[in-house]
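Accompanying notes for the structure given below.
Read the numbers this way: they start at 1 and go in the same order the structure lists the ligands and their atoms.
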Amino acid sequence: MTTITPKIISRVGTNLHNKKYHPICLIKERIRDFFYQKFLNQRKNPIFSIYDNLNPLVTTEQNFDDVLVPKNHPSRQSRDNYYINKNQLLRTHTSAHQLALVKSGLDAFLVAGDVYRRDTIDSSHYPVFHQMEGVKLYSERELFKNVNDPTSLKLFENARRTSVKQETHTMETVKLVEFQLKQTLTELMEHLFGKDIETQWSEVYFPFTHPSWELEIKFQGEWLEVLGSGVMEQEILNTAGAANKVGYAFGLGLERLAMILFGIPDIRLFWSEDERFLSQFKVDDPYDVKFKPFSRYPQLRNDISFWCPDGYHSNDFYDIVRSIGGDLVEQVTLIDEFVHPKTQRLSHCYTVIYRHMEKTLTQKEVSILHGKIATVAENMLGIEVRK
Ligand code: PHE
């Protein structure tokens, strides 16, 4: 059964990351420039190549199996993904293309693309967003080229997997790949945000890398996560025909970076056609953008409470709110939840915050929309609105 809504389908093919002067495209270009400048071959040509036109419709093999996501992993559930059918979905990450691109013989590449996730609704989450994936592979000679006596070092060994390394990697492999990864991505943050940017690494888990790290940057006093990364699982490289190499991979969220870099207050603005937004990025020098957030119009809050049917999940409701309310919805928050002591029925209450990006909404307009959301949720989900 498909979980895709018409609203989501209407976003497929928009490719904000390829629209000249769009902030998502500007960020993509800045990241691409960094890799083009930093990694050159002997002839002074960039070794990275970029893929920004791969189809977002992928198979479950590409999105999950190819990157070793276990068969029973919760991230495969239809509540979190936009499935077309049992075997096809809109990619949830650009990692879906890792295997095929390594298979094609590439050692260093970037992938930019739109990704799709069913998620909560607020000013930094939108069901469609953009990622940039990077992969860099090393042969034994390359990885150890700056070591004094490289002949004593090996990429591979046969040992046990531990919390710090995979079973087939030597300690020197892991440490050098980790060094390359962290140095490169820290430099990338300096390239984007300036030398004074504060960064911090923390250990995390991904099925396709081990060990894995997340990078956070300090923005307006807060630590914000901007990327996931790690030493690529050797099994992926072996399957891809690159068994004699090791490598790292990372995935960056482009909206996040653009919001921080330009000071864009709401993720819906990326989809705005308003010239007051778009024109600010039409500059000859992409490093010379100075975004002035234009004034925001007032919010209107409306609550809805209802009895939930069996098997209900909030994401079902969020999708309906987005389908009907479109980009007028800024945030949906579950504010109350209880089970009726006698009937055992589950009740949810949500606050829906409405705000137009370009004008002041009236309560009359919002009431019509809010009522329509209730009706559609009743018909499609079988909820029962509590009056
Ligand atoms: N695919 C991960 C995500 O979407 C990010 C990632 C990419 C992590 C590559 C590690 C390596 O969260």
Side-chain angles (χ1 to χ4, degrees), residues 17 24 27-28 31 35 48 50-52 54 56 58-70 73-77 80-82 89-102 106-120 124-138 165-166 169 174 177-178 180-182 184-186 188-189 199 201-217 224-237 239-240 242 245-257 267:
H17 57 287
I24 296 296
I27 289 279
K28 176 193 81 172
I31 297 170
F35 283 92
F48 269 82
I50 180 162
Y51 297 83
D52 54 17
L54 301 175
V58 298
T59 61
T60 49
E61 283 78 31
Q62 290 173 284
N63 200 78
F64 301 118
D65 302 88
D66 287 357
V67 283
L68 311 177
V69 177
H73 197 272
S75 68
R76 293 185 183 239
Q77 289 178 33
D80 293 327
N81 304 300
Y82 291 108
L89 73 162
L90 292 168
R91 67 186 162 210
T92 63
H93 55 182
T94 41
S95 305
H97 304 289
Q98 271 188 17
L99 183 77
L101 291 174
V102 176
L106 297 169
D107 276 348
F109 59 86
L110 300 167
V111 181
D114 39 337
V115 299
Y116 298 79
R117 293 185 197 172
R118 302 180 75 197
D119 206 340
T120 48
S124 63
H125 289 86
Y126 198 81
V128 191
F129 60 104
H130 297 78
Q131 281 189 331
M132 191 129 161
E133 189 91 2
V135 165
K136 172 83 178 83
L137 303 187
Y138 295 88
K165 67 172 212 68
Q166 297 173 34
H169 291 162
V174 183
V177 173
E178 173 179 356
Q180 296 291 347
L181 175 165
K182 288 188 173 173
T184 301
L185 294 172
T186 306
L188 171 64
M189 291 304 134
T199 55
W201 292 95
S202 50
E203 266 182 50
V204 287
Y205 168 81
F206 295 108
F208 27 92
T209 49
H210 183 67
S212 309
W213 302 275
E214 217 164 66
L215 179 62
E216 292 173 309
I217 65 173
L224 295 176
E225 185 221 315
V226 292
L227 67 87
S229 64
V231 180
M232 290 177 81
E233 281 289 346
Q234 199 58 38
E235 189 183 332
I236 299 176
L237 297 182
T239 308
K245 297 194 174 154
V246 297
Y248 65 74
F250 59 87
L252 298 142
L254 296 183
E255 272 79 355
R256 245 308 153 74
L257 292 171
I267 195 163

Next item on the list: Would you tell me whether H169 and Q234 have side-chain atoms, one donor and one acceptor, within less than 3.5 Å of each other?
Entry: yes
Item checked: Test applied, ring pair (Phe, Tyr, Trp, His ring centres under 6.0 Å); reference residue, F250; option that passes from W213, F206, F109, F35 -> F35
Item checked: Heavy-atom closest pair, residues S202 and E216 -> OG-OE1, 4.4 Å
Item checked: Shell of residues surrounding ligand 1, defined by a 4.0 angstrom heavy-atom cut-off that is strict -> H93, S95, Q98, R117, Q131, E133, F206, F208, T209, G228, S229, A249, F250, G251
Next item on the list: Step by step, work out the ring-ring contact (aromatic ring centres under 6.0 Å, His included) result for H93 and F208.
Entry: CA-CA 12 Å; H93 55 182; F208 27 92; 5.5 Å; yes
Notebook entry, point to check: Are side-chain heavy atoms of D80 and T92 found at a separation under 4.5 Å?
Noted result: no
Item checked: Residues which pass side chain to side chain donor-acceptor pair (under 3.5 Å) with E233, listed by chain and number, not counting sequence neighbours -> R161
